[in-house]
*Asks:* 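Submitted below is the structure of interest, expressed as structure tokens.
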Amino acid sequence: MAVSRDEVARIASLARLELGEADVDRMTEEMNAVLSYVEQLNEVDTGGVSPHSFLEGKSTPLQPDTVKDFDNLDEALAGAPKAEGTFFIVPRVIE
Amino acid sequence: MSETKWEAVVGLEVHAQLKTRTKTFCRCSTQFGDEPNSHTCPVCLGLPGALPVLNREAVEMAVRTALAFGCTVHEESIFARKNYFYPDLPKGYQISQFEKPFSSGGSVTARLEDGSEREIRLTRIHMEEDAGKSIHTISASGTAVDLNRCGTPLIEIVSEPDIRTPEEAYGYLTRLRQVLLYLGVCDGNMEEGSLRCDANISVRPVGREEFGTRTEVKNLNSFRGVEKAIGYEMERQISLLESGGKVKQESLLWDAERQSARSMRSKEEATDYRYFPDPDLLPLVLGKQWIEQIRQNLPELPELREKRFGKQYGLPARDAEVLTARKEVADYFESTARLAPGTEPKKVGNWIMAEVMAAMGEHNIGIDEVGVNPEQLAGMFALVEQGTISGKIAKQVFEEMIASGKSADEIVQARGLVQISDEGELKRIVREILAGNQPQVEQYKSGKEQVFGFFVGQVMKATRGKANPQVVNNLLKEELSD
């Protein structure tokens, strides 16, 4: 299961990553190396095994519906490249 | 021109915001309209390392909804990441359900204007989280982002392409909203965005099996808007096809002001959300017991309640429909009927549909805000049944009850509105009226019986509506036959 250069370029564009031609070559090579390593797992027959068999029917934990406020908005805003009042400001998005 | 008869094939996707206090995966408040970003935390801000923990109440509300629509609730379901980039989605993905939603199947019964019903099948209901809001107009230096809504729990209700006309879509949505309100899982407010709808629309010649190319219409913010947009899009597609053109698969944005749909800027490439199971969340396993418990606690649903109202209270079909349209009104009716056992339920219903609903409409308020509770209304009915006040005076008393919050009894006493049933006193008034209106008495005696109503009116005027009409009738007949 190899990844083509085109697929790498497409994934990069979906992920909004800017890759130069050389980057695409390098990424294609690296991704293929990772995939072929993981591919070894195909040697094991997992046909009858559920993807969550190791969880033994455990459910995701649940929490109660009661408000627990986070009170450090200032720091969160300070961590953003730009904020005005309590708004985060991002480069203008036009639809 | 062609003689082809066309029909629409429509499927609706409805997003309903669940009425939980806190968000889907963190415990920030879901309160609407507060200071921007005041209800955010590392989880819903998408900060690195923050982990989602599912809200139990959101699950319960979602399951309640699925059970109410007869969906199959799956004991195991999986949350998936739906990846896309937009500033109001700071994680870069929305947590949703994709391959294994918590429910599938089910149906919604749409009622049409002529009273007939159509069963619209559901594909699935799944859980997901909402995005925040981007505001483009508020800042000169860019787009402002408010993430208070980000992470609010939603259910997406997906119908099969079973809808054939705009009217059916309207009936479907009306029923859907009614049930959501009965279940108390969503406030159903379309303007505030707690209920949102997208429509997938295609047309085909009647009798053909396969579907035509569909378009997706978004931005539908009222049920009438959905109905209009479907009608508009049907016609657009039909005239396109009849003139030899082709429907292009695309997303359209409905413009309610112009009553037309325009093409959304087509994305440079087909949407590719690269769904995959969210590794931060284990599967959701719903025990049989929990599902059963939720089922047991379902309220009586509107369709059944409407039927019961007809049977138990002897209400005409139309009355039963109006009185059960909203749960609070149905509850109000039943409480009043129970507290006023001497009054015919039909009369209670009439009063609610006329006087109470008029007050609701006038001030655009809910029945709980009218200011007269079932107990107080029943108190007024008791005065009518005892003959203390007439039905006519009752209206006056009711208006004052709304205005003052006082009981009917207090108002009647304070204003001296007690009905005059005393024969002696009324006889005196009747005689006075007859004596003062000799020409009309002559007319009546010569056979012009319509004048009778005039006498009744005069007596009522003289008593400011307080005379017992039955007694007045009897007395007048007696006196005039002499």
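Throughout, a chain's letter reflects where its sequence line sits, starting with A, and its residues are numbered from 1.
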*Asks:* I'd like to know whether the aromatic ring centres of B/Phe276 and B/Tyr93 sit less than 6.0 Å apart in this structure.
*Replies:*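 They do not qualify: ring centres at least 6.0 Å apart.
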
*Asks:* Which atoms of B/Val59 come close to chain A, meaning under 4.5 Å heavy atom to heavy atom: side chain ones, backbone ones, both, or neither?
*Replies:* side chain

*Asks:* Select, from A/Gly85, A/Pro64, A/Pro61, A/Ser59, the one with the greatest count of heavy-atom pairs under 4.5 Å involving chain B.
*Replies:*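 Greatest number of close heavy-atom pairs with chain B: A/Ser59.
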
*Asks:* Sort out for me which of B/Gly92, B/Ala58, B/Pro42 touches chain A most, counting heavy-atom pairs under 4.5 Å.
*Replies:*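 The residue among B/Gly92, B/Ala58, B/Pro42 with the greatest pair count is B/Pro42.
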
*Asks:* Under 4.0 Å between a Lys/Arg side-chain N and an Asp/Glu carboxylate O for B/Glu76 and B/Lys100?
*Replies:*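 Yes, this pair counts.
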
*Asks:* Sort B/Leu281 into side chain, backbone, both or neither according to what part of it lies under 4.5 angstrom from a heavy atom of chain A.
*Replies:* both

*Asks:* May I ask you to decide whether B/Arg295 forms a salt bridge with B/Glu292, counting only side-chain N to carboxylate O separations under 4.0 Å?
*Replies:* yes

*Asks:* For A/Arg5, is there an ion pair with A/Glu29 - N to carboxylate O distance below 4.0 angstrom?
*Replies:* no

*Asks:* Identify which part of B/Ser134 has an atom lying under 4.5 Å from any heavy atom of chain A, answering side chain, backbone, both or neither.
*Replies:* neither

*Asks:* Tell me, side chain or backbone of A/Pro91 under 4.5 Å from chain B's heavy atoms, or both, or neither?
*Replies:* backbone

*Asks:* Do B/Lys218 and B/Asp198 meet the salt-bridge criterion of a basic N to acidic O distance under 4.0 Å?
*Replies:*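 Salt bridge flag = yes for B/Lys218 with B/Asp198.
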
*Asks:* Which region of B/Leu286, side chain (C-beta onward) or backbone (N, CA, C, O), has a non-hydrogen atom less than 4.5 Å from a non-hydrogen atom of chain A, or is it both or neither?
*Replies:* neither

*Asks:* Below 4.0 angstrom, N of the basic side chain to O of the carboxylate: do A/Asp65 and B/Arg56 qualify?
*Replies:*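 Result for this pair is no, no salt bridge flagged.
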
*Asks:* For chain A, find which of B/Ser141, B/Gly287, B/Pro36 contributes the most heavy-atom pairs closer than 4.5 angstrom.
*Replies:* B/Pro36

*Asks:* For B/Ile78, is it the side chain, the backbone, both or neither that has a heavy atom under 4.5 Å from a heavy atom of chain A?
*Replies:* side chain

*Asks:* Measure distances from B/Pro283 to the heavy atoms of chain A and classify the residue's part below 4.5 Å as side chain, backbone, both or neither.
*Replies:* both

*Asks:* For the pair B/Asp187 and B/Lys19, find out whether any cationic side-chain nitrogen is under 4.0 Å from an anionic carboxylate oxygen.
*Replies:*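 So B/Asp187 does not pair with B/Lys19 through a salt bridge.
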
*Asks:* Using a strict threshold of under 4.0 Å (side-chain N to carboxylate O), is an ion pair present between B/Arg149 and B/Asp130?
*Replies:* yes

*Asks:* Anything under 3.5 Å between a donor and an acceptor, one on a side chain of residues 70-80 of chain A, the other on a protein residue two or more places apart or in another chain? List them.
*Replies:*
| residue | atom | partner | partner atom | Å |
| --- | --- | --- | --- | --- |
| A/Asn72 | ND2 | A/Glu75 | OE1 | 2.7 |

*Asks:* Pick from B/Pro87, B/Cys28, B/Ser139, B/Gly132: which one has the most heavy-atom pairs with chain A under 4.5 Å?
*Replies:* B/Ser139

*Asks:* Please classify the contact of A/Gln63 with chain B as side chain, backbone, both or neither, using a heavy-atom distance under 4.5 Å.
*Replies:*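 Contact with chain B involves both backbone and side-chain atoms of A/Gln63.
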
*Asks:* Against chain A, label B/Tyr84 side chain, backbone, both or neither, depending on which of its atoms sit under 4.5 Å from a heavy atom there.
*Replies:*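 It is neither, since no heavy atom gets under 4.5 Å.
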
